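Heads up, the thing below is written out as structure tokens.
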There are 2 protein chains.
Amino acid sequence: MTHKAAFTAVKTVKAYERVVEQIETAISKRELRPGDRLPSERELMLTFEVSRSTIREALRVLESTGLVRSRPGDPRGPEVLQASPAILTKTVSRLVRLETIALSELVEFRIMLEGTACTLAAQHRTEVQLNDMRAAVDAMQAQVDNGPVAFSRADVAFHVTVWAASQNQLLQICGEATRGALIDMVTDELDRAPDSQARMELSLAHDREILGAISAGDGARAGRLARSFVIEYYGDIISSQSRAALGSVADEAPA
Amino acid sequence: MTHKAAFTAVKTVKAYERVVEQIETAISKRELRPGDRLPSERELMLTFEVSRSTIREALRVLESTGLVRSRPGDPRGPEVLQASPAILTKTVSRLVRLETIALSELVEFRIMLEGTACTLAAQHRTEVQLNDMRAAVDAMQAQVDNGPVAFSRADVAFHVTVWAASQNQLLQICGEATRGALIDMVTDELDRAPDSQARMELSLAHDREILGAISAGDGARAGRLARSFVIEYYGDIISSQSRAALGSVADEAPA
DNA sequence: GGAAACACATGGTCAGACCAGTACACTCTG
DNA sequence: CAGAGTGTACTGGTCTGACCATGTGTTTCC
């Protein structure tokens, strides 16, 4: 060898992976947008010059990541989907179930999200959003007598409006994902609730308080309330240190 | 109809999905543990009574979720993998990239993450993690003269150790994802920095301060510092309301 | 003009085939 | 007997070609 050759490691990339990659980057480059249609499998196998099995395997992984959806019989081809936090929820749930992620981490994360969402909502909320929140709280009130499931559905609706008011999509996405995962993990807890009536009243009172702070534009107080309420629900899951640290952030007297 | 029949909606479930589901639940029930081997594709097609294409599509989605890995030629069959949060990182990053998220939202999100990470790190950090952080700060010091890129690499390393010390993988994952996205969006900002020397010194001082708070176990102060420093960097990107709300959470005197 | 029937391309599934690669047992050699 | 080399059987990756039920868009019929 007379000169240095800049050889680089070769890893055989499976055919279907390259197909996935190309379609994926096309989507992330916005060349394919939600609602667009991919060519049919038979066309794809011509443009990628691979067999239909390969195309199908690629479509299956794209489908499992929530990027596209295939429906039999549709002559328009596979549909490019809008990105959704649903897949995130599933992944997080699975990781928690497999104990790769501790439930306490999820709760800590949620405390953070909920607090920040309320803080930002207090600053960014519009008048109509404020009305939405009020309506949501009223709806909760109305569901108190219809059992815990109906109530918690209304409760969720309220929090969704809060997230929306935070004007931060990342917060919304992560909030959605962690909510789903938490429900997956502690859903049995919810059913047992013997004192469900009392719990519902308490939730309602909490949400009213938060709404008050948001309405008043007091972000710090809204965040503090939200954090402490989440801790009240899930506090026994996380360490006392975390509880203290996350709950009392706002209780620090600055000099 | 003489009696009420409890009919339920029928949705045709594709064959490969049922295969995925069965293997997935076997894994989450610990009937299959990391390191275990699945039967070969040809065996699976006998036990599930489907064709090999169907088995392969199922394996592809399991593979894309990081649950198993197939290697050609291995007579022991596909391997069940240890669940890893790495897949979550990919999902979150894609979501951040795909969604049209305003820079300001990203910055708000980052402020929240950085603050919480430091708060939790102050409570959860072990002695060796503390040493890691000290070493990382020293490394930053050493890189000051090597230009902004080397320095910022060291800076990142420090923050990674902080995330690790927070003992919260969700925080780490989101931190990683937002860092990548932020770099993509404001990379040019970093280069221009005319007063890079001064900025570096400032970063260093800030990180030292944070380290001090973490070392002292003062989570509230660590979080407050982290938030205000992120605001110092990116503050002009977000609204003054957000700045005030997120920065001063800890400055609220409680009664 | 509207409803019903149709044709066609689509995705879902199957069967069977070939190839390159790996693990493992089996040599052969010292 | 130990170790290096060989063989082989089975693996996963890919391809071809086929069949079916289904959804869409068109055509036909009233």
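Letters go in sequence order (proteins before strands), and every chain restarts at 1. Just so it is clear, the values below take in all heavy atoms, side chains as well, and ignore hydrogens, waters and symmetry mates. Just so it is clear, the structure is predicted and the values come from calculations on it, not from any experiment.
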Closest-nucleotide 5' rank along DNA chain D - winner of A/R76 and A/E17 = A/E17
A/R69 CZ to C/dG12 P: how many Å, rounded?
-> 12 Å
Do the non-hydrogen side-chain atoms of A/E99 and B/R30 ever get within less than 4.5 Å of each other?
-> yes
Would you mind classifying the nucleic acid contact of A/E43 as base, sugar-phosphate or nothing, using non-hydrogen atoms under 4.0 angstrom?
-> sugar-phosphate
Separation of B/L44 atom CG from D/dT11 atom C1', in whole Å?
-> 12 Å
Short side-chain N/O contact to D/dG13 OP1/OP2 from B/R60, under 4.0 Å = yes
Take the protein atom CZ of B/F48 and the nucleotide atom P of C/dA15, then report the distance between them rounded to whole Å.
-> 16 Å
Between atom CZ in A/R56 and atom C1' in D/dT16, what is the gap in whole Å?
-> 15 Å
Say whether, by atom type as modelled, one donor and one acceptor occur between the side chain of B/D36 and the main chain of B/V80 under 3.5 angstrom.
-> no
Side chain proximity check, B/E79 to B/V68, heavy atoms < 4.5 angstrom = no
Starting at atom OH of B/Y16, determine the distance to atom C1' of C/dT13, rounded to an integer number of angstrom.
-> 13 Å
Of A/R42 and B/M45, whose closest DNA chain C nucleotide lies nearer the 5' terminus?
-> A/R42
Under 4.0 Å between any heavy atoms, over every strand shown, what does A/S40 touch: base, sugar-phosphate, or nothing? Just pick one.
-> sugar-phosphate
Whole angstrom is fine here: how far is it from CZ in A/R37 over to P in D/dG25?
-> 9 Å
Rounded to the nearest angstrom, tell me the gap between atom CD in B/E57 and atom P in C/dG12.
-> 8 Å
Which of the following nucleotides, D/dG13, C/dG12, D/dT16, is nearest to the side chain of A/P72?
-> C/dG12
Kindly give the heavy-atom pair with the smallest separation between A/L98 and B/A83, and that separation in Å.
-> CD1-CB, 3.6 Å
A/R71 side chain near D/dT24 phosphate (N/O to OP1/OP2, under 4.0 Å) = yes
Round to a whole Å and report the spacing from CD of B/E41 to C1' of D/dG12.
-> 5 Å
Start at the 5' end of DNA chain D and walk down; is the nucleotide closest to A/D74 or to A/S53 reached first?
-> A/S53
Closest to the side chain of A/R52, out of D/dT14, C/dA23, C/dG11, is C/dG11
Taking the side chain of A/S70 as its heavy atoms from C-beta onward, which of C/dT13, C/dG11, D/dT14 lies nearest to it?
-> C/dG11
Find out whether A/F48 and A/I23 are in side-chain contact, i.e. whether some heavy atom of one side chain is under 4.5 Å from a heavy atom of the other.
-> yes
Tell me whether the OP1 or OP2 atom of D/dC15 has a side-chain N or O from A/T54 closer than 4.0 Å.
-> yes
